[in-house]
Amino acid sequence: MRWSKAYLPTYKESPSDAEIPSHKLMMRAGLIRKLTAGVYSFLPLGWRVLHKIEHIVREEMDRIGCQEIMMPILHPSELYEESGRLKHFGPELFTLKDRRGRFFALGPTHEEVVTDIARAEIKSYRQLPQTLYQILVKFRDEIRPRFGVMRAREFIMKDAYSFHESHESLAETYTNMAEAYRRTLDRCGLENVMVEADAGKIGGDVNHEFVVFAEHGESEILICSCGYVANSERAESLGKPLASKEKVQKKPEQVSTPKMKTVEQVSNFLDVSPAHLVKTMLYKSGDSMVAVLIPGERTLNESKLSKVLDDPYVEPLRDDDIKKLTGAEAGYAGPVGLPGDTRIIVDPTLDEYDGMIVGANATDAHLRGVKMGRDFEATERADVIAAEEGDRCKRCSDQILQLRRGVEMGHIFKLDTKYSKAMSATFLDNEGKERHFIMGCYGFGVSRAVAAAIEADYDDKGIRWPKTITPFHAIVLPVKMSDADTMMAAESIYAELREAGWDVLLDDRDTRAGVKFKDADLIGIPLRITLGERSLKEGKVEIYHRRDDRTELIDREGVLDYVREFYSA
RNA sequence: CGGGGCGUAGCGCAGCCCGGUUAGCGCGCCUGCUUCGGGAGUAGGAAGUCGGAGGUUCAAAUCCUCUCGCCCCGACCA
């Protein structure tokens, strides 16, 4: 491609609405342009990178026997009523009406559609297993789209779905898929890790995320040197060691804590560390009331609580309901003397406590020296706190968890029969019995990967593409456009590399060399072939390595071999 | 959805509080001359519904009301 003829606009400055490096650089280097919040066009440079990633994804999917298809974007809303996901997705689903007033959704993922396809054709266990995939634009009306294509409302995703007669078969595909994801990310040059994750709206139990390490990623990963690694939404830990303990008293002592509602206020007021306090958080699950007890300085992980209660719709009590249940204003709830049918869930980190300070279920009062098992009974003991950096690892119990940030690039799920049951998708097994498909689904964020690759490696000059997904393998930069020999060399190297199948960008713009150098750095092509008057006279050209910021002089004749060697390494 | 911020030329911004004639600056863009290996200099030039609608006023980018859009923070901390 000749830059003089190409649609490759670059900016010196970042648009003011871009926050993180990848977003700024994608705008500055002319990869994308925003249409409206969370909706982007890909310009030629961005589109090339997207294609290269898609290509790698296809190869890895095909390698493990997946078959590519293309499903519609427009989905009749009845499908979501059937699967029960209408309310799960809620406002995140983009919906529209046709001229007759019938409702449709723009596909956020395709479990429903693919299950509808499978139930029509797959009738026998002999046709199983099957794995279908597609690379298609997806729509989700995100609460808060941000960071450019990193969290967009319209984005490109590879989604695969597998159908099985047995859990063993699913497990095999699941393992293959995990391996394919790891290979895909490795081939894209992205340092990644597979972690246990939270299932979110897709459902199912077993699921793993593939996270690419990046400073500005939205995912938090907790890692232990013993090998334990998990998403912070799901990670388990033993908390931090207690510095001091509250003494148990003969019977709970009621202390006056006027207007002291937060843990911070109460612990300051009583002059004890927040770890002495036990936070009582009140929830409603169906018709039953739930009190959750966790250490004062900890955060409750609602997703864990949902799982413990087996209820995706758990919600915190509102202030007036708190008053009804405890008889006190919000801020003074405690486990002692709650109505008998209240479920009391206690986090295991509280086992280490002797006494506790808890709300008194009376406005402006707390109880000191409370003992669990004597003053109140726990209904259940379950891990519900959010793990944090610095916690003791639950797996090995003597190492400390470290935090690393990253971008969620892939997410794979064992769905079991969640969708096949909801949508009555069945086949006959070898005994002639009707059974529901056992399913898996596997998503990969293709457009997000473009941003993640930039996020994972850039410098103050611009992007540094990994070799495998770079939009161009080399950029040819003639320094002096008015010099005939320079231009002749530029044209011949450009032609030579192109004929050999390399993607080459020729910067034939009639502009100053400095501008070209800056732009070349910005768009991050791994190899720059600089053609200068002096070195050309000696039959040499300069090769500049973007990643290492290093220049080499080589013979003009050796260019093709040099490029070939660079990319085969 | 709650809170905060911002909409002025393709991009980055000033002007607004305290209303006043042709609305500025930098980058970019066009033309000429000089320059030419790390975002050139110079002379000239094009480009704006001041997000939109309504209002106040002799007069509105500026004040008031409504509205649309964009960005950030939050949406468990009792």
Side-chain angles (χ1 to χ4, degrees), chain A residues 9-20 23-24 27-28 30 33-39 90-92 141-148 151 233 257 260-267 274 277-284 290-306 314-323 325-326 328-335 358-361 363 366 384-386 388 461-462 477-483 486 507 509-522 528 530-536 541-542 544 549 551:
Chain A
T10 57
Y11 291 158
K12 265 192 202 176
E13 292 174 287
S14 306
S16 60
D17 56 8
E19 278 288 308
I20 62 170
H23 187 192
K24 287 180 180 168
M27 291 298 299
R28 285 189 55 205
R33 288 293 180 261
K34 180 168 75 178
L35 181 61
T36 183
V39 181
E92 213 167 299
D141 196 357
E142 291 281 347
I143 298 176
R144 186 142 89 91
R146 59 178 150 176
F147 303 149
R151 178 167 299 281
E233 290 166 4
T257 51
M260 305 288 158
K261 293 189 172 195
T262 66
V263 167
E264 197 189 352
Q265 288 166 345
V266 176
S267 60
L277 268 65
V278 170
K279 213 153 51 174
T280 303
M281 304 171 77
L282 300 172
Y283 279 82
K284 185 158 66 178
V290 182
V292 187
L293 270 57
I294 61 174
E297 80 282 17
R298 303 301 299 209
T299 298
L300 175 67
N301 181 326
E302 260 183 16
S303 172
K304 286 183 181 176
L305 179 64
S306 272
V314 203
E315 52 177 344
L317 287 190
R318 288 184 321 229
D319 285 4
D320 47 335
D321 287 329
I322 291 176
K323 197 160 187 182
L325 184 72
T326 66
E329 300 283 331
Y332 304 98
V358 299
N361 292 327
T363 301
H366 281 74
V384 288
I385 62 167
E388 294 169 4
K461 293 185 198 164
L477 195 156
V479 170
K480 192 170 178 181
M481 299 284 293
S482 57
D483 180 58
T486 300
D507 193 350
R509 292 175 300 171
D510 187 12
T511 183
R512 298 168 66 85
V515 173
K516 296 188 186 183
F517 287 134
K518 294 285 185 195
D519 273 346
D521 289 341
L522 175 64
R528 185 183 81 206
T530 315
L531 307 176
E533 213 175 351
R534 260 163 295 160
S535 38
L536 270 177
V541 301
E542 276 174 38
Y544 172 76
D549 188 29
T551 305

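Reckoned from all heavy atoms, side chains included, excluding hydrogens, waters and symmetry mates.
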A.B. asks: Identify which nucleotide among B:G74, B:C76, B:G38 has an atom closest to any side-chain atom of A:E302, counting heavy atoms from C-beta outward.
C.D. replies: B:C76

A.B. asks: Write down the distance separating the P atoms in B:G7 and B:C50, rounded off to the nearest Å.
C.D. replies: 15 Å

A.B. asks: 5'-most contact on RNA chain B: A:K518 or A:L282, nearest heavy atom basis?
C.D. replies: A:K518

A.B. asks: Can you tell me the base-pairing partner of B:G2? Count Watson-Crick or G-U wobble geometry only, both distances below 3.5 Å, and say none if there is no partner.
C.D. replies: B:C73

A.B. asks: Between B:C58 and B:G45, how far apart are the two C1' atoms, rounded to whole Å?
C.D. replies: 36 Å

A.B. asks: With a 3.5 Å cut-off and heavy atoms only, can you find an N or O donor on one side and an acceptor on the other between the side chain of A:R528 and the base of B:G38?
C.D. replies: yes

A.B. asks: Could you work out which one of B:G38, B:G26, B:G74 sits closest to the side chain of A:I143?
C.D. replies: B:G74

A.B. asks: If we only count heavy atoms from C-beta on, is the A:K518 to A:R512 side-chain gap below 4.5 Å?
C.D. replies: no

A.B. asks: Could you state the CG-P distance from A:L325 to B:A78, rounded to the nearest angstrom?
C.D. replies: 18 Å

A.B. asks: Determine whether A:K323 and A:E329 satisfy the following criterion, salt bridge (Lys or Arg N to Asp or Glu O under 4.0 Å), listing intermediate values before the conclusion.
C.D. replies: CA-CA 5 Å; A:K323 197 160 187 182; A:E329 300 283 331; 3.2 Å; yes

A.B. asks: Of the nucleotides B:G37, B:A40, B:C76, which one has an atom closest to the side chain of A:V515?
C.D. replies: B:A40

A.B. asks: If we take the C1' atom in both B:C17 and B:U62, what is their distance in whole Å?
C.D. replies: 9 Å

A.B. asks: Which value, in whole Å, describes the distance between the P atoms of nucleotides B:A14 and B:C33?
C.D. replies: 38 Å

A.B. asks: Tell me the interatomic distance from A:K461, atom NZ, to B:G38, atom C1', rounded to whole angstroms.
C.D. replies: 9 Å

A.B. asks: Applying a 4.0 Å non-hydrogen cut-off, can you work out what A:L305 is touching in the nucleic acid: base, sugar-phosphate, or nothing?
C.D. replies: nothing

A.B. asks: Can you tell me the Watson-Crick or wobble partner of B:A61, both distances under 3.5 angstrom?
C.D. replies: none

A.B. asks: Counting distance alone, no hydrogens or angles: does the base of B:G39 have a donor or acceptor under 3.5 Å from a partner atom on the side chain of A:R28?
C.D. replies: yes

A.B. asks: What integer distance in Å separates A:E142:CD from B:C73:P?
C.D. replies: 14 Å

A.B. asks: Using the P atom as the point on both nucleotides, what is the distance between B:G74 and B:G54, in whole Å?
C.D. replies: 39 Å

A.B. asks: What nucleotide among B:G37, B:G39, B:C76 has an atom nearest to a side-chain atom of A:L522?
C.D. replies: B:G39

A.B. asks: For A:E13, enumerate each residue passing the salt bridge (Lys or Arg N to Asp or Glu O under 4.0 Å) test, keeping only those at least two apart in sequence or located in another chain.
C.D. replies: none

A.B. asks: Under 3.5 Å for both donor-acceptor distances, Watson-Crick or wobble: does B:U21 have a partner, and if so which one?
C.D. replies: none

A.B. asks: Out of B:C77, B:G39, B:C11, which has the shortest distance to the side chain of A:K12?
C.D. replies: B:G39

A.B. asks: Roughly how far apart, to the nearest Å, are B:U21 and B:G4 at atom C1'?
C.D. replies: 38 Å

A.B. asks: Measure from OH on A:Y283 to P on B:A78 and round the result to the nearest Å.
C.D. replies: 12 Å

A.B. asks: Please give the distance between the P atoms of B:G38 and B:C73 as a whole number of Å.
C.D. replies: 39 Å

A.B. asks: Tell me: OH of A:Y11 to P of B:C13, nearest whole Å?
C.D. replies: 13 Å

A.B. asks: Go through the structure and list residues passing side-chain hydrogen bond (donor to acceptor under 3.5 Å, both in side chains) with A:E542, not counting sequence neighbours.
C.D. replies: none

A.B. asks: Pick out the pairs of N or O atoms, protein on one side and nucleotides 67-71 of chain B on the other, that lie under 3.5 Å.
C.D. replies:
from	atom 1	to	atom 2	distance (Å)
B:C70	OP1	A:T36	OG1	2.4
B:C70	OP1	A:A37	N	2.8
B:C70	O3'	A:K34	NZ	2.9

A.B. asks: Looking at A:K480, I'd like to know whether one of its side-chain N or O atoms comes within less than 4.0 Å of OP1 or OP2 on B:G37.
C.D. replies: no

A.B. asks: In this structure, how many angstroms lie between the C1' atom of B:C72 and the NZ atom of A:K24, rounded?
C.D. replies: 13 Å

A.B. asks: Grab the CD1-P distance between A:I322 and B:C76 for me, whole Å please.
C.D. replies: 14 Å

A.B. asks: Want to settle it: does A:A513 or A:P316 sit nearer the 5' end of RNA chain B, counting the closest nucleotide to each?
C.D. replies: A:A513

A.B. asks: Closest approach to the side chain of A:T10, judged atom by atom: which nucleotide of B:G39, B:A78, B:G37 is it?
C.D. replies: B:G39

A.B. asks: Measure from NZ or CZ of A:R28 to the centre of the six-membered ring of A:Y11 and say whether it is under 6.0 Å with the direction within 45° of the ring axis.
C.D. replies: no

A.B. asks: Looking for any heavy atom pair under 4.0 Å, which part of the strands does A:E542 touch: base, sugar-phosphate only, or nothing?
C.D. replies: base

A.B. asks: Would you mind reading off the distance between A:D510 atom CG and B:G39 atom P, rounded to a whole angstrom?
C.D. replies: 17 Å

A.B. asks: Looking only at the side chain of A:E13 (C-beta and beyond, no hydrogens), which of the listed nucleotides B:G12, B:G39, B:G37 gets closest?
C.D. replies: B:G12

